[in-house]
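Comments concern the structure below.
Just follow the structure's listing: the first ligand is 1, and inside any ligand the first atom is 1. By convention here, the first residue in the shown sequence is residue 1.
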Amino acid sequence: MIKDCMHLRAPGNWINDPNGFLYYKGEYHLFYQHFPYAPRWGTMHWGHAVSRDLVHWEHLGVALFPTKDYDQNGVFSGSAMEIDGRMHLYYSAVRYAQPQPEDIHLALDDRFETSQAMVVSEDGRHFDNWADKQQIIPVITDTTLGDRQHTRDPKVWKEGETYYMVLGSTRDGARGRVLFYRSADGLSWTYANQYASPELGRILECPDLAKLREGYLFFGSPMGVTADGLAYADQAMYARADFDPETCRMTLTEPLSFLDWGLDLYAPQSTLDQEGRRVVVGWMRMPRPVTDAPDGRGSWNGMMSLPRVVEMREGQVCFPVHPNVSACFTRPASNLSPLAEGKPVRFRASLREGQTLDLGGYRIGMREGRVEADRSAVFAGLQGCRLTARSPRLPENRCHLDIFVDPNLVEIFINDGRYVLSHVVYGLSGRLEGSVESIFTI
Ligand code: FRU
């Protein structure tokens, strides 16, 4: 079976959102949206990988795939819960009005309907797609409640004795909203409440409500928020929130912010790690597949970000890299050459106003109090993509950077995760310019 280190990548062909992220019986499980037949989006399956440390991943193949009338065209995103020792997977079940005649993996005129379903597994390794699925929330036909087509991505959690589910939805495809359901047993669900706001884009995808010590944090991926003609218009965002478990009334108490300032990351999902830390990973969108993978995975498109801890520091939400990742970088290196063997490299550096770094053609600098990144030299020939990105203004005219570089991904943790800026890249060179404090590989 294919293994990954640091970033979980498609085992071949296509992946998108992280799904069912759960620490269960001594292992981390990370499922993902997967099209197993080509490096492009199509009929969704759930691929499955496990890890003991969130760093080394072993791919276990396909866990969920269409078998039912209600999910015949796709097992869309969702989440996992352990209930009475069994793994419960919640997902959105998709049925096309009609498939495209020349490509049955896509819906004709993009018309489909969605219900919510679940699968129960005794051990988190075996999934009976015929015997152990059930539909738990039928297609919503009442438009005041939700949308028949675009209501999806159940994220389930437990508080006290009650299970909660949040779903992404829309009003007429024009205004995002989230729906809340409650359940006493994780099986039978009752609608409780909803929250709508213009901030939630056209359609809100992949909501997640995380309870931190300091309060609730809402994550969501609103569609059409950066609609300036460049890829991507849909973005992963977060904001602190108030939530009343009795009524499921949620309000955002601050404006939404980008989770990652590179604007490639999407559809993040959080879970609790072994130590009880809140950890989040997101899908890194890739505009074209990698075709020369030396490990036999063939063409692949899509990978997960590094796991990030979600933390409040001085009233601010921060996303530092997970300590298990940092702990792996113990071997000193002097340049980017480990990349040639597929090994990641970690650079630590301090930047002052006006200073720059060049890591293999990927340029990082500090200007007007912001960290700026430019991937033009390592993203050649890709039309309509964002080539540059910058962080919000920092409080000082210097900053500390912790930079993780993989052949196809650069992740910059600014001031220990106060902001993160990640970029997909293609074809980093060995060049290194600028002054760094340390370089390590694994
Ligand atoms: C987000 C998303 C989800 C959906 C899934 C389908 O990227 O569109 O809303 O469940 O991907 O693959």
Side-chain angles (χ1 to χ4, degrees), residues 10 13-21 30-48 62-66 70-80 89-96 103 105-107 110-119 137 139-140 146-156 165-170 173 176-179 200-208 219-226 231-237 259-260 263-270 280-287 301-305 424:
N13 297 310
W14 172 269
I15 72 170
N16 52 288
D17 316 354
N19 295 155
F21 191 18
L30 186 53
F31 300 84
Y32 48 84
Q33 290 285 278
H34 182 39
F35 184 57
Y37 311 130
R40 49 150 264 204
W41 192 92
T43 305
M44 279 293 127
H45 297 48
W46 277 31
H48 185 195
V62 170
L64 307 187
F65 53 90
Y70 54 82
D71 72 8
Q72 59 180 274
N73 298 110
V75 179
F76 272 28
S77 285
S79 57
L89 300 180
Y90 297 89
Y91 69 94
S92 294
V94 165
R95 192 177 192 287
Y96 293 164
D103 184 349
H105 297 290
L106 299 176
D110 199 31
R111 283 176 45 234
F112 57 90
E113 60 178 31
T114 309
S115 59
Q116 316 309 320
M118 67 183 270
V119 181
I137 302 178
V139 175
I140 296 177
D147 190 81
R148 179 183 193 105
Q149 174 162 351
H150 298 292
T151 299
R152 56 177 172 262
D153 311 334
K155 178 76 186 350
V156 173
M165 178 191 290
V166 60
L167 289 165
S169 190
T170 181
R177 52 176 157 173
V178 291
L179 313 181
L200 301 185
R202 281 191 302 112
I203 299 172
L204 194 278
E205 300 189 302
C206 301
D208 187 352
F219 296 96
S221 293
M223 299 182 80
V225 283
T226 40
Y232 304 96
D234 312 335
Q235 290 299 335
M237 307 193 80
L259 194 84
D260 188 296
L263 307 187
D264 284 349
L265 185 146
Y266 197 63
Q269 188 170 97
S270 78
V280 65
V281 294
W283 164 40
M284 299 307 304
R285 295 174 283 192
M286 300 174 72
N301 189 319
M303 58 189 150
M304 298 302 163
S305 69
V424 166

Geometric class of the Phe31/Trp46 ring pair [parallel <30°, tilted 30-60°, perpendicular >60°]: tilted
Which of the numbered atoms in ligand 1 are below 4.0 angstrom from a heavy atom of [X]?
X	result
Tyr266	1 (C), 7 (O)
Ser77	5 (C), 10 (O)
Met44	12 (O)
Asp153	3 (C), 4 (C), 9 (O), 10 (O)
Asn16	5 (C), 6 (C), 7 (O), 11 (O), 12 (O)

Sidechain N-carboxylate O distance under 4.0 Å for Asp208, Lys155: yes
NZ/NE/NH1/NH2 to OD/OE distance under 4.0 Å, Asp147 and Arg152: no
Shortest heavy-atom approach to atom 11 (O) of ligand 1 - which of Asn19, Ile15, Asp17: Asp17
Exercise: identify the closest heavy-atom pair between Ser169 and Gly146: OG-CA, 4.0 Å
Shortest non-hydrogen contact from Cys206 toward Asp17: SG-OD2, 3.4 Å
Stepwise side chain to side chain contact (heavy atoms under 4.5 Å, CB included) check, Thr151 with Gln116: CA-CA 9 Å; Thr151 299; Gln116 316 309 320; 4.1 Å; yes
Row check, Tyr96 ring normal vs Arg111 NZ/CZ: under 6.0 Å, within 45°: no
Which residue and heavy atom of the protein sit nearest atom 8 (O) of ligand 1, plus the separation: Glu205 OE2, 2.7 Å
Taking atom 6 (C) of ligand 1 as the reference point, the nearest protein heavy atom with its distance: Gln33 OE1, 3.2 Å
Trp41-ligand 1 polar pair, N/O distance under 3.5 Å: yes
